[in-house]
Undergrad: 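Please see the structure below; I have some questions.
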There are 2 protein chains.
Amino acid sequence: MRAPENIGLLLSLASARGVASANVALGPVELNSRSYSLLEQLAGTDGVSQRELADAIRLDPSQIVAMIDGLERRGLAERRPNPADRRQKSVVITGPGRTLFHRARALVESSVDEVLAGLDDLERETLRGLLQRIVRHDAARLEHAS
Amino acid sequence: MRAPENIGLLLSLASARGVASANVALGPVELNSRSYSLLEQLAGTDGVSQRELADAIRLDPSQIVAMIDGLERRGLAERRPNPADRRQKSVVITGPGRTLFHRARALVESSVDEVLAGLDDLERETLRGLLQRIVRHDAARLEHAS
DNA sequence: TATTGTTATACTCTATAACTATA
DNA sequence: TATAGTTATAGAGTATAACAATA
C-alpha cells in the first residue's frame, strides 16, 4: 500500500515513529520521549514552575507532578520553594540531571537521524519550520481562547 | 515560551493537535481520527484483509478487530468470506458507510484547514511530501526487518 | 475568586500472549 | 510450520474533578 495522502494520518504515523524510536534510543538512560522533553525544558532555564512546564510540553499539570516526582527521586531535578509566589515551586535541573541530559541528547539526536534518514539538512529545516508554525499557531489559538 | 526546536516534540505536538481537532470535528458522525482513517482505507478499495488494514494504518491486528466490529455493528462495513483464502476475511465498505465517509471527509478537511491555517497550499504540499517520505522510509525499514 | 500543586479515578490506548482455523 | 483473525489482559497514557494552600 502507498503512503497515505491524509495529512492528519501522516502526522500521526510520523510522530508515532519518532516517539517509538526515541523511546528505544533513550532506554540506556531510563528516559522516554516525554521525560526527555521535560528534562530538555529544565536544561534550558534556571527554575520554572510546573505550570509553565505543563504549557511547554502540552501536558496536564497533574501529569507533570508524577514526572517531576520521578526525576526528583533519581536526583535529576529538584523542587525549590519560590519566595515570590509561595503557591509555586521552582523546578531546577541538578548537576547529575544535566550530565544525563547531555548523554540523552546524543541518543535522541541519532534516533532523529534514523527517522529522518531520507531527508537532507535543508529538508529537515523546512520540516522543522513548518511544524513550528503549526504549533505556534495552535499556541496562539489557545491563548486567544482563554 | 517559544516553539521548541526538538523536531520529535514538534511532531508529537502537531500530531496531537491534528488528532484532537479531527476528533472534535468527527463528533457528529460518531467517528474518531482512527476509525476515520480505517473507513478511508476501506473507501479506497473493494475488499481488503484485516491484516492489510493493520499494516496500512500501523495498528495491531487485534485492535483492527474491535474497530471493524464497531463499523459492522453500525452497518458501515461488512466482513465477507474470502474464497481464495478461507483464513482471511474481505472487509468492504457498505453504501451507508460510503455516504457517511463522504460526510466525514468534509468534516476532517475543515479540521485540517484549521490546524494548517498558517500554511498556504504550497507549504501544505511540501509538508505532506516530507511526511510521506518519513513514513515510506519507515515502511521500507520494517519490510527489510521482516 | 482564581491559581498552583496535588491526589484520586476512570477511561482510552497500546502491547502481548494465547487460541482456532486454515494454509 | 506459519498466517489471519480473535479474545483476554495488563500496562501506559490521558482526561477530569476535587482539594489545600496561597494569591
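Within every chain, numbering begins at 1; the chains are lettered A, B, ... in the order of the sequence lines, protein sequences first and strands thereafter.
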Undergrad: Mind calculating the distance between CG (L59(A)) and P (dG5(C)) to the nearest angstrom?
TA: 14 Å

Undergrad: Go nucleotide by nucleotide along DNA chain D from the 5' end; which of N32(A) and A66(B) gets its closest nucleotide reached first?
TA: A66(B)

Undergrad: Which of the following nucleotides, dT6(D), dA8(C), dG5(C), is nearest to the side chain of K89(A)?
TA: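 Shortest atom-to-atom distance from the side chain points to dG5(C).
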
Undergrad: Measure CG/D85(B) against C1'/dG5(D) and give the value in whole Å, please.
TA: 11 Å

Undergrad: Does R87(A) place a side-chain N or O at less than 4.0 Å from the phosphate oxygens OP1/OP2 of dG5(C)?
TA: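 The answer is no; no side-chain N or O of R87(A) sits under 4.0 Å from OP1 or OP2.
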
Undergrad: Name the residue closer to the 5' end of DNA chain C, choosing between N82(B) and Q63(B) according to the nucleotide with the nearest heavy atom.
TA: Q63(B)

Undergrad: Indicate whether any N or O donor in one side chain lies under 3.5 Å from an N or O acceptor in the other, for D113(B) and S110(B).
TA: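 Side-chain D/A pair, D113(B) to S110(B): absent.
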
Undergrad: In whole angstrom, what separates I68(B)'s CD1 from dA4(D)'s P?
TA: 15 Å

Undergrad: Round to a whole Å and report the spacing from CE of M67(A) to P of dT6(C).
TA: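 Spelled out: CE on M67(A) to P on dT6(C) is 14 Å.
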
Undergrad: Compare side-chain N and O positions of R51(B) against OP1 and OP2 of dT6(D) and report whether any pair is under 4.0 Å apart.
TA: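 False: R51(B) side-chain N/O out of range (4.0 Å or more) of dT6(D) OP1/OP2.
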
Undergrad: When rounded to the nearest 0.5 angstrom, what distance separates CD in E5(B) from CG in L131(A)?
TA: 12.0 Å

Undergrad: Both D60(A) and I64(B) contact DNA chain D. Taking the nearest nucleotide for each, which residue is further toward the 5' end?
TA: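 It is I64(B), whose closest nucleotide lies nearer the 5' terminus.
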
Undergrad: Mind calculating the distance between CG (N23(B)) and C1' (dC13(C)) to the nearest angstrom?
TA: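 One finds 12 Å between C1' of dC13(C) and CG of N23(B), rounded.
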
Undergrad: Whole-Å distance between dA2(C) P and R86(A) CZ?
TA: 22 Å

Undergrad: Counting the atoms with a prime plus P, OP1 and OP2 as sugar-phosphate, which does R79(B) contact under 4.0 Å by heavy atoms, base, sugar-phosphate, or nothing?
TA: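 Sugar-phosphate, no base atom in range.
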
Undergrad: From dA8(C), dT14(C), dG5(D), pick the nucleotide closest to the side chain of Q50(B)?
TA: dG5(D)

Undergrad: Distance check, rounded to the nearest 0.5 Å: I7(B) atom CD1 versus L127(A) atom CG?
TA: 4.0 Å

Undergrad: Between atom CD in Q88(B) and atom P in dT3(D), what is the gap in whole Å?
TA: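 Q88(B) atom CD is separated from dT3(D) atom P by 12 Å.
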
Undergrad: In this structure, would Y36(B) and V92(B) fall into the same cluster of hydrophobic residues linked by side-chain contacts under 4.5 Å?
TA: no

Undergrad: Provide the closest heavy-atom pair for R128(B) versus N6(A) in the form atom of the first, atom of the second, distance.
TA: NH1-N, 4.4 Å

Undergrad: Please report the distance, rounded to the nearest Å, between CG in L53(A) and C1' in dT4(C).
TA: 13 Å

